[in-house]
Each structure stands twice: as structure tokens, then as C-alpha cells.
Amino acid sequence: RCKLFSSIHIMTMAKTSGGGDAAQCSSVKPDAPPAQLLSTAANLAASFNNQYPPVTSPLSAVKAPGPAAHALANISAEVKRAACIRRTKLSSQSIDSGKLNRGPVEPRDQQPSRKRFRAGDNEKETADREESKGKGDVELQPFTSLPFYGDHKRAISSLSFAPSSSISRGISGGVSLNSTSGQVVASVICASASADGCAKVWDITKNLTDVQDSDNSHTKKKKPTGAAHQSSFLGVATRLDPKLSLFGHNRGINDVAWSPTASYIATASDDKTLRLWSAETGDAFVEFRGHTNFVFSCKFNPQSNLLVSGSFDETVKLWDVRCGECVATLPAHSNPVTGVDFNRDGTCIVSGSYDGLVRIWDTATGECLKTVYAEGNPPVGGVRFSPNGRFVLSGTLDSKLRLYDVSGGHERGSFGNEYRGLHHRRQLRGGKCSKTYAGHDNTKFCAFAAFLSANPKRQCVVSGSEDGKVYLYDLQSRLVRQTLEGHHDAVLAVDAHDSLELIGSGGMSNDKFVRFWGPSKID
């Protein structure tokens, strides 16, 4: 296009000038190379300027452009117009093809940096990172046994802290039990269940305050560290009196759960029933009947209007909390259901079973959205959604914990459920095992696990173990951060507070103690 427009203007100029210019123009072909066109145009411009000198404007000393200048200006305008048309055409082709043509991209190491570096910046930044890392390590004190405990008459099967979403956070920032910048001013409450058929509620607020005051009053005294510190706590430990004792089940209790408002407590028992209790008075409100075998686990939904339970009768049931009626029964597994939980918005339920399967269900429709299992299909002893609802933590009887990513969207597939009148169902994508935690001992019993996420610098997975220890795994690196020793029998019941660095654990028949663990303060 550029060559064509240039040739047209050259022909026009030659015809206008006549004589030698016309002869010179006749020797130029339309497909001539650009260099020849430009040379001819320059010669014609010189000829024009000689024949038609510029005219001086009578109004100013500015010289008006001559005809050759106008011709060259026209040629330049046509060339720019042709180039613009070509760019527009190429851009439209690129957009239509779904790709944006941005030209060649330089390698990343050759691209100019937008940040200006000065000599010594890299060394300074490295030193700052090392210094901040060192400070963080100093602040993360090891967990030790706190100097108070609770007890039951038989093995402790479950333990759960009351959610802090309904209670103001106890400590400034909510990440440390020994921070001198704040005091424990809100209630820290824990519930435990036992094979003795009793559930107990422990209010440890005053005890935590006493521990903090004791730490602050001895800032100039060197405290024993590590095992010595732990032994000194156990030697002077105070036996707690329960705030409430919940009696009503005829057999042992397998699980205890708090409502999100901390107003109610639910218990699941070997007597095939569940019960709803007042967290203030200890009165029994509702009894849930419908399972045909031991009820092994239970959880509230975030709205506190539904209760889900898993049983040895291989089913998962949904209950209306207000009236105690069963609103849905899911034929979930082919073996006893050992764990159930709601996600953070209550739209999904996860269940685990001795058949080795972990399944995610749609709460509204009862459809199975996803099924995952570990290699070798080991029995599942417990399941739990992560606090953000994106992952599921599964404990299996091969002494491992697995974290499954279930954060993918939904895809639709064929489904023939005539009872619900559905023709399609949602299939939850994902389910890949993201991390595996190994180190504890769990091959016989169903042990609980929990997320410790109160301190962003120390996010852990807490697990009970049959060797009598509590294991703290680093959430990201999967390494064992610390083992807590103090029980004299297997530890199956563990839980972590959602806003404080506080862990609770319960031992089996040869121990029967509820112990609490927090970070030590070493001055």
C-alpha cells in the first residue's frame, strides 16, 4: 500500500511539472523498491522548488511551503495512513483468533527491572530477613503442660473448645497466652466426653489468668526450660472442678460438639442417641432417636439449626435441632461412619468411614459430590474441614494424616435420582491429596486431629497418638514441630482453640486426664 500511494503521488507531480520530470517519472515502476521511490521523490522535490520558489507571506517573515513540500507531506500522510490500516487489520485478526499479538518477549533475565538498586541493597535485604527470622524464632516458645487439669472416671473419647466467634477474644491479638500487652478477659471454655457416660464443661479462664500473672511477676527470675519446665508444672498442677456435668446417656459418649453460638452442646453416645444440652444450665433439651447402632460423631452447621451425625449403622443423618426430627438419611458408607463435619458455610458435609472412603455431600440435596481415598484403602478414623473450608483433613489407621484439596468448582454430570426429581448433579472437582503427615502412632483406635491456626507464625496440625503423646506438625513443611508428653496412655481426644495458642488433650483408661498446653515464656 505504501509503494502504491507513493507512486500515485510521483505520477501526479510529474504530470504537473511536465518535461524532464515526466520522463523521469516514466522510468519508475509501481513495484519499485522503496529506496528508488524515495530517491525519485527527492529529485522531483528539488525540481519543483527550482521552478516554484517559496512565496514570502506579506503578513510575516514566515516562509510558506512550496508545492514540493505539499507533495512530500501528502506522501508522508498516505504512508502513515497505510501503516495504520495494516496495524488495524493485524489487530483484528489477532483478536478474532483469540490471541493478542504483542511481539517477541524478551527473556525474564534480560527484561529491564522497574526497581532501581543501589550498591549493598541485596546484602541489606538479606540481613533484614535473617534478623526478622531470628526474632520470629525467639517469639515462638515451645508448648508446655499448663498447671491445671480435669479428669473423668473412664477413658476420654472427645474434647472440644467453645468457639470464640461468639465470645470476645481473650488476649490482645488472640495469638499468645503469655503476651504482656493484654490479659485474659473473656471466657475460655472446653467440653470433654468420656466412656463413663458423662460430659463435662471446664471454664479455664481464671486459671489462664493466674498463669499469666505468675509469668509476669517473675520476669527477673530464670524459669526452667523444656522438660524441666513441664515437670515443674505437673508437680504443682491444680485439679479443676467442672463448671457443668452432663448426665443422661445410658452408655459411653463418643463425641461432643459446640453450637457456633456456644449456647448448646451436642453429645453422641453408644446408647444410639444424641442429646442437646444447654451450655449455661446443663439441662437436656432434645433427644435425637433414629440410629440403629452406636452414634460415633456429631457436628452443628454454622447456622445452628442442623445437626449431622455418623453412626456404626453406616448412615449419616441430618437432624432438625428445634424439634429433634431426622430430616435426611444418607446411605453413606458400607462400614461404620467414624467422622462427620460441616464446611464453613454449611453447604457441604464430609464423612469418613472404616470402608476407607472420605465423601463430600451436598447438604441441600443429599448428593455425593466427591469420593476420595488413600492408597491401600486404610480405614478412616476421623475427618475435619479446614477453617477456610478449602481442605479436608483425614486421619487413617495407617498412622498418617492426609490433607485433601476440595476447593475446586463444580461440574455437572448425568444423575438419575427419581426420588428427588433431579436429572443432573454437581460433581466437586479436586480431591487431590496435598500433604501427608506421618510420625504419630495410630493403628487401633479412631484418633482426632485439629488445626492450630491462631498464630500465623505457627500454623500446625495437632494429632493424638497411641504412644501417649500429642504431635504438632508444621502445616506447610509437614515436619514434626514438637511432641507433647504428659499422658500415661493413648491420646485420642485433641482439639485446638480457634483464636488462642491453646491445645487440649485427653487420655484413655490408664490416664483419664484432660490436659491443657500452651506456649511457655522463658525470660
Side-chain angles (χ1 to χ4, degrees), residues 157-158 160 193 253-260 266-276 286-373 377 379-385 389 392-396 404 406 415 417 419-420 422 425-428 431 446 448-449:
S157 54
S158 178
S160 178
I253 300 175
N254 295 311
D255 199 7
V256 59
W258 288 87
S259 67
T267 52
S269 171
D270 280 349
D271 63 7
K272 307 176 187 179
T273 67
L274 298 101
R275 287 180 181 262
L276 184 70
V286 183
E287 184 179 21
F288 304 86
R289 291 183 175 273
H291 281 294
T292 59
N293 208 330
F294 309 141
V295 187
F296 204 73
S297 58
C298 62
K299 282 291 184 299
F300 283 93
N301 72 333
Q303 295 75 27
S304 299
N305 61 342
L306 291 177
L307 186 69
V308 63
S309 61
S311 169
F312 268 49
D313 61 10
E314 303 174 2
T315 66
V316 172
K317 289 183 179 290
L318 276 173
W319 308 86
D320 189 328
V321 173
R322 294 166 295 183
C323 61
E325 294 183 358
C326 178
V327 296
T329 299
L330 309 178
H333 295 274
S334 59
N335 270 313
V337 180
T338 55
V340 291
D341 194 15
F342 280 100
N343 66 343
R344 63 181 303 175
D345 60 3
T347 58
C348 292
I349 299 170
V350 63
S351 64
S353 168
Y354 256 79
D355 60 10
L357 304 181
V358 175
R359 284 180 167 163
I360 299 176
W361 308 84
D362 188 304
T363 305
T365 64
E367 304 169 36
C368 181
L369 305 178
K370 189 69 180 178
T371 300
V372 297
Y373 55 90
N377 206 35
V380 178
V383 290
R384 172 171 289 193
F385 271 106
V392 168
L393 182 65
S394 169
T396 51
Y404 294 99
V406 295
F415 179 70
N417 190 340
Y419 175 76
R420 296 188 180 274
L422 299 175
R425 70 171 178 179
R426 298 182 302 168
Q427 289 286 351
L428 189 67
C446 296
F448 286 87

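The structure presented is a predicted model; accordingly, all values stated were derived computationally and were not measured.
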For side-chain contact (heavy atoms from CB on, under 4.5 Å), just list the numbers for Val372 and Val406, CA-CA rounded to whole Å, side-chain angles, deciding distance to a tenth of an Å, and then say yes or no. CA-CA 10 Å; Val372 297; Val406 295; 5.8 Å; no
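If you take CG on Leu306 and OG1 on Thr363, they are separated by 8.0 Å, rounding to the nearest 0.5 Å. Note that the OG atom of Ser353 and the CZ atom of Phe296 stand 11.0 Å from one another [nearest 0.5 Å]. To the nearest 0.5 Å, atom CZ of residue Phe288 and atom CG of residue Asp320 are 8.0 Å apart. Distance check, rounded to the nearest 0.5 Å: SG of Cys348 to CZ of Arg359 gives 15.0 Å. Rounding to the nearest 0.5 angstrom, the gap separating the CG atom in Leu357 from the NZ atom in Lys370 is 12.5 Å. With rounding to the nearest 0.5 Å, the separation of OH in Tyr404 from CD1 in Ile360 is 10.5 Å.
Heavy-atom minimum distance, Phe300 versus Pro260: CB-CD, 3.9 Å. In plain terms, the two heavy atoms of Val321 and Leu307 that are nearest each other are CG2-N, 3.9 Å. The heavy-atom pair separating Ser269 from Asn254 by the smallest distance is C-ND2, 3.9 Å. Pairing each heavy atom of Asp362 with each of Ala364, the nearest pair is OD1-N, 2.9 Å. Taking both residues in full, the closest heavy atoms of Gly366 and Trp361 are given as O-CE3, 3.6 Å, listed atom of the first, atom of the second, then distance. When all heavy atoms of Thr347 and Asn343 are compared, the closest pair comes out as N-OD1, 3.0 Å.
A donor-acceptor contact shorter than 3.5 Å links the side chain of Ser311 to the backbone of Phe294. Using modelled atom types, one side-chain atom of Asp255 and one backbone atom of Cys298 make a donor-acceptor pair closer than 3.5 Å. Using a distance-only test at 3.5 Å, with no hydrogens or angles considered, no donor-acceptor pair links the side chain of Ser160 to the main chain of Ala257.
Looking only at side-chain heavy atoms (C-beta outward), Val350 and Val358 come within less than 4.5 Å of each other.
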Please set out all donor-acceptor pairs under 3.5 angstrom arising from side-chain atoms of residues 331-342, sequence neighbours excluded.
residue	atom	partner	partner atom	Å
His333	ND1	Asp355	OD1	3.4
His333	ND1	Asp355	OD2	3.1
His333	NE2	Ser351	OG	2.8
Thr338	OG1	Gly352	O	3.3
Thr338	OG1	Val380	O	2.6
Asp341	OD2	Phe385	N	3.0

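With sequence neighbours excluded, the residues satisfying side chain to side chain contact (heavy atoms under 4.5 Å, CB included) with Arg289 are Thr273, Glu287. Take Trp258 and apply the side-chain hydrogen bond (donor to acceptor under 3.5 Å, both in side chains) test, not counting sequence neighbours, and it matches no residue.
Of the N and O atoms on the side chains of Gln303 and Asn305, not one donor lies less than 3.5 Å from an acceptor on the other residue.
Checking each of Lys317, Lys299, His291 against Ser309 for a side chain to side chain donor-acceptor pair (under 3.5 Å) leaves exactly one that passes, namely His291.
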